[in-house]
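One structure is given below, encoded as structure tokens.
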Amino acid sequence: MSETIQLKIGDKTYDLPVIQGTEDEKAIDISKLRDLTGYVTLDIGYKNTGATKSAITFLDGEAGILKYRGYPIEQLAQKSTFLEVAYLLIYGELPTAGQLKEFQTKINKHTLVHEDLKKFFDGYPSHSHPMGQLTGLISSLSAFYPESLATPQTPEAIDETIIKLLAKMTTIVSWIYKKSLGHPVIYPQNKFDYVTNYLYMTFGQRTEEVTIDPVVVDAMNVLLILHADHEQNCSTSTVRIVGSSDSNLYSSISAGISALWGPLHGGANQAVIEMLEKIKADGGDTDKWIAKAKDKNDPFRLMGFGHRVYKNFDPRAKIIKKACDDILEKLGIDDEVLDIAKRLEEVALKDPYFVERKLYPNVDFYSGIIYRALGFPTEMFTVLFALGRLPGWIAQWKELRENKEPIGRPRQIYTGATTRDYVEISKR
Ligand code: ACO
């Protein structure tokens with residue numbers, strides 16, 4: 001017999017079904033709770049609420065485990081490429097060599113961006129924040145490809161939109177970077193693979209034949225793989241809730257990009273480097289800044305530390321810390337902020353404040369140091385996170401549709417004024 005949980009309200013007892021996942025995690029199914037009892041649940045920040053059933057990503061925050069479609073993140077980071085991981089997340093299985101080639105070929109056909117969108121892009125001030133540009137440009141793709149707005153859509157039409165978005169994202173992201181330098185944009189060359197093409201458009205020059213350093217390509221693949229999905233986080237939940245109203249893929253992803261921008265989420269990678277720079281300029285006294293982070297009267301937080309679900313360690317942070325050491329060594333870069341970051345980590349991991357609250361470095365503690373070593377300006381870091389997260393958002397949006405999930409619409413507990421009579425303005 002399937003497991004149930006008993007809920008007692010007054011003299012009535014209700015049997016609530018228990019849902020069990022494939023990794024044995026359990027949930028109490030309250031989907032009929034309001035109809036049965038008149039009560040709703042309250043869980044501000046959704047700390048205990050499962051919003052969906054998903055077969056894409058599994059993570060165990062207590063054990064520090066992360067898997068995409070069952071494959072451990074450590075294996076994917078070491079052995080796979082970003083495009084292969086994108087295929088895995090979106091279609092559910094690792095591709096055969098033929099499927100991967102076909103995927104790359106289909107993407108290559110769509111890497112050009114409509115010239116009229118470029119006119120719109122040209123209108124942004126050169127120093128506008130890259131994330132502001134990215135949300136606008138991705139949402140605007142829906143205006144250029146109105147066939148993406150039709151509902152319902154065939155799986156083939158959805159796939160066409162997915163391919164276009166994956167293809168145009170690299171071009172748009174590299175153009176935003178070029179604009180920040182005041183340089184002319186570079187058009188894609190489809191002889192390159194996905195990541196190399198992106199790096200070519202980013203670091204290439206119009207006038208010369210460019211070879212992209214394989215060390216940089218490898219580092220970029222690892223970074224993008226580590227960011228590719230992370231189950232129901234703030235931006236992914238945003239993509240799913242926007243998508244649940246049957247909103248098109250471009251605008252759903254654009255909403256996710258906006259959610260990612262905040263410093264408590266993807267914007268942390270920019271905030272970490274800014275914090276490390278500030279500590280360096282202040283003389284590099286890490287104890288002073290640890291004390292500030294612990295002081296409840298001081299708004300300062302140790303950026304890149306803490307995570308809503310990881311309460312042991314973030315497995316991505318382990319991989320990234322090693323990648324950071326490797327890439328700096330291979331590129332022959334000695335970055336003082338890396339030493340500050342390591343000192344901060346060492347002190348914090350022994351400090352009772354951080355130990356008791358289970359605060360560990362997250363994926364973004366070291367990612368910015370690598371992005372900087374590769375030559376990216378700080379304001380581009382969160383855009384790079386978005387480039388990595390794109391396949392995860394797409395997979396989650398696609399799953400929501402395939403599962404025919406209802407529109408997302410939470411309840412609330414109203415705490416405002418009860419009924420009162422309108423008072424004429426002259427009498428207030
Ligand atoms: N520095 C100092 N104290 C912290 C930090 C930090 N980075 N993070 C959490 N705390 C403290 C809180 O003050 C709180 O203390 P209290 O119990 O005495 O009040 C306790 O730890 C729990 O913190 P919450 O904010 O309640 O935890 P929550 O799960 O809501 O937030 C979050 C998680 C947002 C990631 C938080 O740890 C944080 O702000 N970290 C810094 C920003 C950051 O690195 N974000 C990136 C996350 S990874 C990602 O999104 C890709």
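Remember, predicted model here, so these are calculated numbers, not experimental data. Order of listing sets the numbers, starting from 1, for every ligand and every atom in it.
Annotation: cation-pi geometry not satisfied between Lys179 and Tyr124 (NZ/CZ under 6.0 angstrom from ring centroid, within 45° of ring axis).
Using a heavy-atom distance under 4.0 Å as the criterion, the protein contacts of ligand 1 are Lys47, Pro263, Leu264, His265, Ala268, Ala293, Lys296, Arg301, Leu302, Met303, Gly304, Phe305, Gly306, His307, Arg308, Tyr353, Arg357, Leu359, Asn362, Asp364, Phe385.
Under the 3.5 Å distance criterion, with hydrogens and angles disregarded, no donor-acceptor pair is assigned to the side chains of Thr52 and Gln232.
In this view, Glu402 and Lys398 satisfy the salt bridge (charged side-chain N to carboxylate O under 4.0 Å, His left out) rule, not counting sequence neighbours. Scanning for salt bridge (charged side-chain N to carboxylate O under 4.0 Å, His left out) contacts around Asp218 gives an empty result, with sequence neighbours left out. Partners of Asp298 according to the salt bridge (charged side-chain N to carboxylate O under 4.0 Å, His left out) rule, which considers only residues two or more places apart in sequence or in another chain, are Lys292.
By the 30° and 60° cut-offs, the orientation of the rings of Phe376 relative to Tyr371 is perpendicular.
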